[in-house]
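Remember, it's a predicted structure, so these values are computed and weren't measured experimentally. One-based numbering along the sequence shown.
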Amino acid sequence: MENSRTLTISKFQSARACKCPRCRTGNMFQGSLLRLSQKMYKTCPHCKFKFEMEPGFFYVSMFVSYALNVAEFITVCIATYVLSGQSESPWVYLIACCAVALLLAGFNFRYSRVIQMYWLTPNLSFNPKYYSDQYEESQKAEIGVES
């Protein structure tokens, strides 16, 4: 049982880390979560999986992002209501919601796509043969055989 691999990263952990849903090793996004302009890789740097499987694939993530924004706005409005001493001014709520929308724009962009890839795409699942460094070693061996 020397070649038996244990899966060291769960579906939830890899989704939280924004890893490729097929190999759970390669990153889906470039740069930091805190940047306002987010950039997603076209293919997984590890297993070469094409993230946008068809044109317009990520339109569904707009609806997921909308749901995330609604949940955040409700939470912010309740917290503002409690913390402001039950303020009736709509400007307090509007400013708080706009600030949160700007602060969490990168988070919503990334995780709406991650949620779509991991839980809303039924034909996409984890493939253990692409997991970890053993896949990279097998790819190097194949290239060595061909040359």
Side-chain angles (χ1 to χ4, degrees), residues 1-83 90 92-147:
M1 288 251 169
E2 289 178 23
N3 343 0
S4 67
R5 295 183 291 211
T6 58
L7 184 61
T8 59
I9 188 166
S10 72
K11 185 176 187 176
F12 181 75
Q13 287 173 329
S14 61
R16 191 182 69 209
C18 297
K19 299 292 184 183
C20 171
R22 183 169 80 167
C23 67
R24 294 186 186 171
T25 305
N27 290 327
M28 290 175 63
F29 296 93
Q30 299 173 359
S32 169
L33 174 69
L34 301 175
R35 292 177 47 200
L36 192 56
S37 87
Q38 297 287 320
K39 184 155 171 100
M40 185 174 186
Y41 288 112
K42 299 237 184 254
T43 60
C44 174
H46 183 262
C47 69
K48 305 302 180 223
F49 173 70
K50 185 178 176 186
F51 291 124
E52 189 168 7
M53 294 183 276
E54 58 190 33
F57 177 72
F58 288 114
Y59 281 133
V60 173
S61 66
M62 289 189 306
F63 297 108
V64 175
S65 179
Y66 176 76
L68 289 173
N69 274 311
V70 167
E72 291 161 2
F73 289 169
I74 290 171
T75 304
V76 166
C77 286
I78 291 172
T80 303
Y81 180 78
V82 170
L83 295 174
V92 173
Y93 299 101
L94 182 65
I95 291 170
C97 286
C98 287
V100 167
L102 285 174
L103 288 173
L104 296 178
F107 174 86
N108 289 338
F109 177 81
R110 281 187 185 214
Y111 285 101
S112 63
R113 289 183 176 214
V114 167
I115 289 169
Q116 180 185 355
M117 298 280 289
Y118 274 84
W119 289 286
L120 300 177
T121 307
N123 60 346
L124 178 61
S125 62
F126 172 65
N127 191 339
K129 87 174 193 181
Y130 295 111
Y131 180 70
S132 186
D133 296 329
Q134 292 181 2
Y135 173 70
E136 289 178 352
E137 291 169 9
S138 68
Q139 289 297 99
K140 289 177 186 175
E142 285 178 17
I143 292 171
V145 170
E146 291 175 357
S147 8

With rounding to the nearest 0.5 angstrom, report the [atom1] to [atom2] distance, [X] to [Y].
| X | Y | atom1 | atom2 | result |
| --- | --- | --- | --- | --- |
| Arg22 | Lys48 | CZ | NZ | 10.5 Å |
| Met53 | Asn123 | CE | CG | 5.5 Å |
| Phe51 | Cys44 | CZ | SG | 4.5 Å |
| Asn127 | Cys20 | CG | SG | 10.0 Å |
| Leu104 | Phe73 | CG | CZ | 9.0 Å |
| Met40 | Met28 | CE | CE | 3.5 Å |

Heavy-atom pair with the smallest gap, counting every atom of [X] and [Y]:
| X | Y | result |
| --- | --- | --- |
| Leu68 | Ser112 | CD1-N, 4.2 Å |
| His46 | Cys23 | ND1-SG, 3.6 Å |
| Tyr131 | Arg24 | CE1-O, 4.1 Å |
| Arg110 | Cys18 | CD-SG, 4.3 Å |
| Val76 | Ala96 | CG1-CB, 3.7 Å |
| Tyr93 | Cys77 | CE2-O, 3.6 Å |

Q.
Any non-hydrogen side-chain atom of Lys11 less than 4.5 Å from a side-chain atom of Phe126?
A. no

Does some side-chain heavy atom of Tyr118 sit less than 4.5 Å from a side-chain heavy atom of Leu124? no

Can any side-chain N or O of [X] pair as donor or acceptor with the backbone N or O of [Y] at less than 3.5 Å?
| X | Y | answer |
| --- | --- | --- |
| Asn27 | Phe29 | no |
| Ser65 | Ser61 | no |
| Gln116 | Thr121 | no |

So side-chain hydrogen bond (donor to acceptor under 3.5 Å, both in side chains) across residues 71-81, not counting sequence neighbours, yields Glu72-Asn108

Show your reasoning for whether side chain to side chain contact (heavy atoms under 4.5 Å, CB included) applies to Arg16 and Phe12. CA-CA 6 Å; Arg16 191 182 69 209; Phe12 181 75; 4.2 Å; yes

| request: Decide side chain to side chain contact (heavy atoms under 4.5 Å, CB included) for Met117 and Phe57; before the verdict, give the C-alpha distance in whole Å, the side-chain angles of both, and the deciding distance to 0.1 Å. | output: CA-CA 10 Å; Met117 298 280 289; Phe57 177 72; 3.4 Å; yes

Taken in chain and number order and not counting sequence neighbours, the residues that satisfy ring-ring contact (aromatic ring centres under 6.0 Å, His included) with Phe107 are Tyr111

